[in-house]
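What follows is one structure encoded as structure tokens, with my remarks underneath.
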2 protein chains.
Amino acid sequence: MGALQVLSAEQEADPDAGPDGLSLALVLGALSDPIRLAIVSELADGSERSCGSFDLGIAKSTRSHHFNVLVEAGILTRRVEGRIRKLKLRRDALEARFPGLLDAVLGGSRR
Amino acid sequence: MGALQVLSAEQEADPDAGPDGLSLALVLGALSDPIRLAIVSELADGSERSCGSFDLGIAKSTRSHHFNVLVEAGILTRRVEGRIRKLKLRRDALEARFPGLLDAVLGGSRR
DNA sequence: GAGATATTACGACGTCCGTCGAACGATCCG
DNA sequence: CGGATCGTTCGACGGACGTCGTAATATCTC
């Protein structure tokens with residue numbers, strides 16, 4: 001599991017990653033945390049939101065950490081806009097690589 | 001493992017688990033390991049196999065550990081038959097709780 | 001430039017996870 | 001019974017993970 005992060009942001013050095021750097025184990029691992037699941041749920045409608053607009057009950061730095069995990073797994077994109085980072089779900093890339101996965105996860109999360 | 005086992009084998013004490021004890025985060029966490037993904041893949045056809053019939057390149061005890069994780073997440077059942085434990089995928093329960101998830105995961109794993 | 005705002009980076013700390021070897025328990029077979 | 005087979009349990013170890021507070025960076029505003 002352990003992988004030293006040496007690569008450039010969105011590109012992962014994962015053994016079984018596809019052409020676009022998406023690895024199933026990495027994606028599932030990123031989604032296996034309730035907080036990150038909540039983040040993804042809130043972005044499910046395709047909206048683009050700033051990091052600070054998420055009201056999870058955790059410290060700023062912890063939030064940032066979870067965003068990092070999601071971006072590095074290829075689940076989210078982060079776009080800089082002034083002093084704000086806009087986060088967005090990579091629904092198309094995810095759907096292309098793992099058809100049906102995102103919908104299944106999102107469907108199962110709001111029960 | 002972490003939790004003290006006070007419940008009856010298949011019942012987990014997970015905060016956001018459904019009636020049948022299946023929790024999305026727990027299931028995704030269990031599937032986020034390449035070895036466990038391989039185990040589930042091999043059971044995808046609904047067959048019932050003994051623990052020893054899996055040729056993963058790891059120690060017996062490690063194998064046993066991974067089977068435990070999968071059973072405790074509600075993904076597999078373990079049935080004792082003589083000195084052999086037969087493992088089987090809980091496809092129906094999984095499908096009922098997280099429709100489409102298993103197929104999406106299995107589809108994405110054999111690329 | 002000074003100050004405020006948004007977010008990341010850096011250590012640090014405790015816990016959980018994957019791995020192993022060795023020991024144990026249960027079962028089958030001679 | 002004695003040995004072989006199948007699998008689990010136990011204790012240990014190193015590394016990864018989630019969490020935090022604080023410091024740093026970048027941007028906007030005055």
Side-chain angles (χ1 to χ4, degrees), chain A residues 1-10 12-15 23 25-40 43 48-73 75-88, chain B residues 1-5 9 12-15 23 25-40 43 48-73 75-88:
Chain A
M1 228 135 278
L4 302 176
Q5 302 289 76
V6 193
L7 293 138
S8 62
E10 310 236 344
E12 293 305 307
D14 210 272
S23 138
L26 203 62
V27 167
L28 293 177
L31 294 176
S32 71
D33 182 286
I35 291 183
R36 292 195 290 264
L37 224 31
I39 294 171
V40 171
L43 290 169
E48 206 175 22
R49 296 180 47 181
S50 71
C51 298
S53 73
F54 291 85
D55 189 21
L56 319 153
I58 54 177
K60 275 188 306 178
S61 48
T62 306
R63 235 181 343 174
S64 201
H65 161 69
H66 286 304
F67 290 136
N68 261 330
V69 173
L70 287 168
V71 169
E72 280 166 17
I75 297 174
L76 262 47
T77 52
R78 194 162 25 191
R79 188 169 61 83
V80 179
E81 188 181 290
R83 64 183 148 178
I84 281 176
R85 270 74 168 174
K86 295 272 192 157
L87 296 163
K88 198 174 160 216
Chain B
M1 327 250 90
L4 301 177
Q5 300 291 75
E12 292 304 307
D14 207 273
S23 139
L26 203 62
V27 167
L28 293 177
L31 293 176
S32 71
D33 182 286
I35 291 183
R36 293 196 289 264
L37 225 31
I39 294 171
V40 171
L43 291 169
E48 206 176 21
R49 296 180 48 182
S50 71
C51 299
S53 74
F54 292 84
D55 189 21
L56 319 152
I58 54 177
K60 272 190 309 178
S61 50
T62 307
R63 235 181 344 172
S64 202
H65 161 69
H66 286 305
F67 290 136
N68 263 329
V69 173
L70 287 168
V71 169
E72 281 167 16
I75 298 174
L76 262 45
T77 52
R78 193 163 26 192
R79 188 170 62 82
V80 178
E81 189 182 288
R83 65 183 148 175
I84 280 176
R85 268 75 168 174
K86 294 273 193 158
L87 295 162
K88 197 175 159 213

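Letters A, B, ... mirror the listed sequences (proteins, then strands); counts begin at 1.
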Where the side chain of [X] is defined as all heavy atoms beyond and including C-beta, which of [options] is the nearest nucleotide?
X: Ile58(B); options: dC20(C), dT7(C), dT22(D); answer: dC20(C)
X: Arg83(B); options: dT19(C), dA4(D), dT7(C); answer: dA4(D)
X: Ile35(A); options: dC20(C), dC20(D), dT19(D); answer: dT19(D)
X: Arg78(A); options: dC20(D), dT8(C), dC20(C); answer: dT8(C)
X: Cys51(A); options: dT8(C), dG21(C), dG7(D); answer: dT8(C)

Looking at every heavy atom in both [X] and [Y], which two are closest together, and how far apart are they?
X: Leu87(B); Y: Cys51(B); answer: CD1-SG, 3.7 Å
X: Ile84(A); Y: Ser50(A); answer: CG2-CB, 3.7 Å
X: Leu56(B); Y: Ala38(B); answer: CD2-CB, 4.4 Å
X: Ile75(B); Y: Val40(B); answer: CG2-CG2, 4.1 Å
X: Leu26(B); Y: Glu72(B); answer: CD2-O, 4.0 Å
X: Ser32(B); Y: Leu28(A); answer: CB-C, 3.7 Å

Can you tell me if [X] touches the phosphate of [N], counting only side-chain N or O atoms and a distance under 4.0 Å to OP1 or OP2?
X: Arg36(A); N: dG18(D); value: yes
X: Asn68(A); N: dT7(C); value: no
X: Thr62(A); N: dT19(D); value: no
X: Arg85(B); N: dA26(C); value: no

Between Lys60(A) and Ser32(A), who's closer to the 5' end of DNA chain D by nearest nucleotide?
-> Ser32(A)
To the nearest Å, how far apart are [X] [atom1] and [N] [atom2]?
X: Arg63(A); N: dC20(D); atom1: CZ; atom2: P; result: 11 Å
X: Leu76(A); N: dT8(C); atom1: CG; atom2: C1'; result: 16 Å
X: Glu81(B); N: dG7(D); atom1: CD; atom2: C1'; result: 14 Å
X: His65(A); N: dA9(C); atom1: NE2; atom2: C1'; result: 13 Å
X: Phe67(A); N: dG18(D); atom1: CZ; atom2: C1'; result: 15 Å
X: Leu56(A); N: dC20(D); atom1: CG; atom2: C1'; result: 15 Å
X: Lys86(B); N: dT27(C); atom1: NZ; atom2: C1'; result: 15 Å
X: Ile84(B); N: dT8(D); atom1: CD1; atom2: C1'; result: 15 Å

What distance separates Phe54(A) CZ from Ile35(A) CD1, expressed to the nearest 0.5 Å?
->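 Rounded to the nearest 0.5 Å, the CZ-CD1 separation comes to 12.5 Å.
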For a salt bridge (charged side-chain N to carboxylate O under 4.0 Å, His left out) with Glu48(B), tell me which candidate from Arg79(B), Lys86(B), Arg85(B) qualifies.
->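 By the salt bridge (charged side-chain N to carboxylate O under 4.0 Å, His left out) criterion, Glu48(B) pairs with just one of Arg79(B), Lys86(B), Arg85(B): Arg79(B).
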Assert: residue with more 5' nearest nucleotide on DNA chain C, out of Ala59(B) and Ser64(A), is Ser64(A)
At how many degrees, to 10°, do the end axes of the helix from dG1(C)-dC30(D) to dG30(C)-dC1(D) meet when each uses five pairs?
-> 20°
How is His66(B) classified with respect to the nucleic acid when contacts are heavy atoms under 4.0 Å: base, sugar-phosphate, or nothing?
-> sugar-phosphate
